Amino acid sequence: MENNEVQDFADRVKKYYYCKAELCETLMHKGINIESNLMQMTPVDYNPFDNCHAEAYIIGCAALEGLSSIYQEINQHGTEQEGSKKRFISFLKDLRVSEHLERISTPFLYYCLEKQGIEESFRNEIKKKWIDQKSQSEAHRFYSDPKIDEIKLVYQNCHAVNQNSSNETILNLDRSLQDFTYAALIYKFYRCSFIHEFRASQYAVYFNRGNQISVRKFESHLSPSREYLKIDDPKPQLDVGIGLFTESIRKGADVVHNLIIEKQCRDIRYNSTDEIRIKLKKT
């Protein structure tokens, strides 16, 4: 009887998240017709149900967040829990849906270093080795971006040749570079923005229906009057296809399903963060 309960619970969790992945794809392809009495307010020609791309990403990010939390709870029960950021990024990397998630996004690293006006020799080397190795018409070759060990070596070589004053150097190189992996950028620009707001970050776009990762840079934008206006501060833009999220959700659901059976779980305990702690006055 107990084994049947475990299997039933594992199957329900897997089916629940598989359906979330299918919902994301359906929303992206306008496969759902949502009828509603829209509020009588301006702009009268604006219907948020005409394009549900943002909703697809909100659901995708929330589903991955949920799976990473369930995985941690079952796998590390009784041990110290990782924070949301580390948990989400680790789970996404371990699924290995894309082999490039551990690479450092050199356009974003270069942009941030330049914006802060630091590490000039290092950022020039980044530009020469990874950003300029393409024609103007080509997209950034993210699949050629380095992993942390490779770019750390470039950093160390730059500092061996060029001495910077202490206030111009990166304080914690390992931690800083981790923030520029593609997995970490997905957490920063998609998971955080879509969960806490209604859109991606200003450093991300979301048009891609496949499972590709792209990095773009727009020098101008189209105005309502159909004129192209130059952008004063062109930013790199991360475009992660919804397919990377849905494939990760399905693969993550498989992993959690197998873990539930392995650990013989019949439920997931409520987290202690559900409780409200009332602070007391010190006497």
Side-chain angles (χ1 to χ4, degrees), residues 12-39 43 45-71 84-85 87-101 105 108 139-140 142 181-216 218 221-222 235-257:
R12 285 173 183 272
V13 170
K14 180 174 178 176
K15 187 172 184 178
Y16 176 84
Y17 282 101
Y18 263 64
C19 286
K20 287 291 180 285
E22 187 171 337
L23 178 58
C24 293
E25 291 164 348
T26 305
L27 288 169
M28 285 294 286
H29 289 86
K30 297 185 179 179
I32 293 178
N33 181 30
I34 301 172
E35 295 183 4
S36 173
N37 295 320
L38 291 176
M39 298 177 67
D45 59 343
Y46 171 55
N47 182 358
F49 293 140
D50 283 342
N51 181 330
C52 290
H53 291 184
E55 284 72 17
Y57 278 92
I58 290 168
I59 293 167
C61 291
L64 274 175
E65 176 76 15
L67 282 166
S68 70
S69 180
I70 293 170
Y71 178 83
S84 172
K85 178 181 178 180
R87 181 187 71 217
F88 182 96
I89 294 170
S90 297
F91 187 73
L92 188 59
K93 283 182 180 178
D94 290 345
L95 293 176
R96 301 194 178 281
V97 168
S98 171
E99 61 185 306
H100 305 300
L101 291 177
S105 179
F108 281 96
H140 175 70
F142 73 93
T181 63
Y182 281 99
L185 294 181
I186 288 172
Y187 176 85
K188 178 75 172 176
F189 299 145
Y190 283 82
R191 181 268 180 205
C192 291
S193 294
F194 275 119
I195 294 253
H196 298 304
E197 300 174 24
F198 66 96
R199 59 186 177 189
S201 158
Q202 62 180 323
Y203 295 104
V205 291
Y206 48 102
F207 306 119
N208 192 339
R209 296 183 182 183
N211 60 359
Q212 299 86 2
I213 300 172
S214 302
V215 180
R216 312 176 186 190
F218 300 104
H221 70 90
L222 189 62
K235 302 175 176 67
Q237 304 280 307
L238 184 65
D239 184 0
V240 179
I242 193 67
L244 189 142
F245 286 88
T246 55
E247 193 175 338
S248 297
I249 291 167
R250 291 188 177 98
K251 197 167 182 180
D254 291 342
V255 169
V256 168
H257 175 273

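Bear in mind the structure is a predicted one, so any value in this text is a computation, not a measurement.
For F49, the side chain to side chain contact (heavy atoms under 4.5 Å, CB included) partners at least two apart in sequence or on another chain are I34, S36, L38, N47. Applying the side chain to side chain contact (heavy atoms under 4.5 Å, CB included) criterion to H100, with sequence neighbours excluded, gives S98, R103, F142, Y143. For L23, the side chain to side chain contact (heavy atoms under 4.5 Å, CB included) partners two or more places apart in sequence, or in a different chain, are L27, I32, I59. K15 meets the side-chain hydrogen bond (donor to acceptor under 3.5 Å, both in side chains) test with no other residue; sequence neighbours excluded. Residues satisfying the side chain to side chain contact (heavy atoms under 4.5 Å, CB included) test with E22, not counting sequence neighbours, are T26, R250.
For N211 against E247, the heavy-atom pair with the smallest separation is ND2-OE1, 3.1 Å. Of all heavy-atom pairs spanning S193 and A200, the tightest one is CB-C, 3.7 Å. Nearest heavy-atom pair, E55 versus N51, reported as atom, atom and distance to 0.1 Å: OE1-O, 3.9 Å. The two residues Y57 and I242 have their closest heavy-atom pair at OH-N, 3.1 Å. A pairwise comparison of heavy atoms in V215 and S105 identifies CG2-OG, 4.3 Å as the closest pair. Of all heavy-atom pairs between C24 and G60, the closest is SG-N, 3.5 Å.
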Apply side chain to side chain contact (heavy atoms under 4.5 Å, CB included) to the pair I249 and L64, showing each step before the final yes or no. CA-CA 6 Å; I249 291 167; L64 274 175; 3.9 Å; yes

Decide side chain to side chain contact (heavy atoms under 4.5 Å, CB included) for F189 and V240; before the verdict, give the C-alpha distance in whole Å, the side-chain angles of both, and the deciding distance to 0.1 Å. CA-CA 10 Å; F189 299 145; V240 179; over 6 Å; no

I70/Y17 under side chain to side chain contact (heavy atoms under 4.5 Å, CB included): CA gap, chis, key distance, verdict: CA-CA 12 Å; I70 293 170; Y17 282 101; 3.6 Å; yes

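Rounding to the nearest 0.5 angstrom, the gap separating the CD atom in Q237 from the OG atom in S214 is 12.0 Å. From K188, atom NZ reaches atom NZ of K85 across 7.0 Å, with rounding to the nearest 0.5 Å.
Looking only at atom types and distance, the side chain of D254 has a donor-acceptor partner in the side chain of Y18 under 3.5 Å away.
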Under 3.5 Å, which donor-acceptor pairs do the side chains of residues 87-97 form with other protein atoms, sequence neighbours left out?
from: R87; atom 1: NE; to: S68; atom 2: OG; distance (Å): 3.2
from: R87; atom 1: NH2; to: E65; atom 2: OE2; distance (Å): 2.4
from: S90; atom 1: OG; to: K86; atom 2: O; distance (Å): 2.8

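Contact check for L67 versus V255: no side-chain heavy atoms found under the 4.5 Å cut-off. Contact annotation: the side chain of S84 approaches that of R191 to within less than 4.5 Å [non-hydrogen atoms, C-beta and beyond].
By the 30° and 60° cut-offs, the orientation of the rings of F108 relative to Y203 is perpendicular.
Of the options L238, L185, I58, a side chain to side chain contact (heavy atoms under 4.5 Å, CB included) to Y190 is made by L238 and by none of the others.
Residue Y187 places its OH atom among more than 12 non-hydrogen atoms of other residues, nucleotides or ligands, all under 6.0 Å distant.
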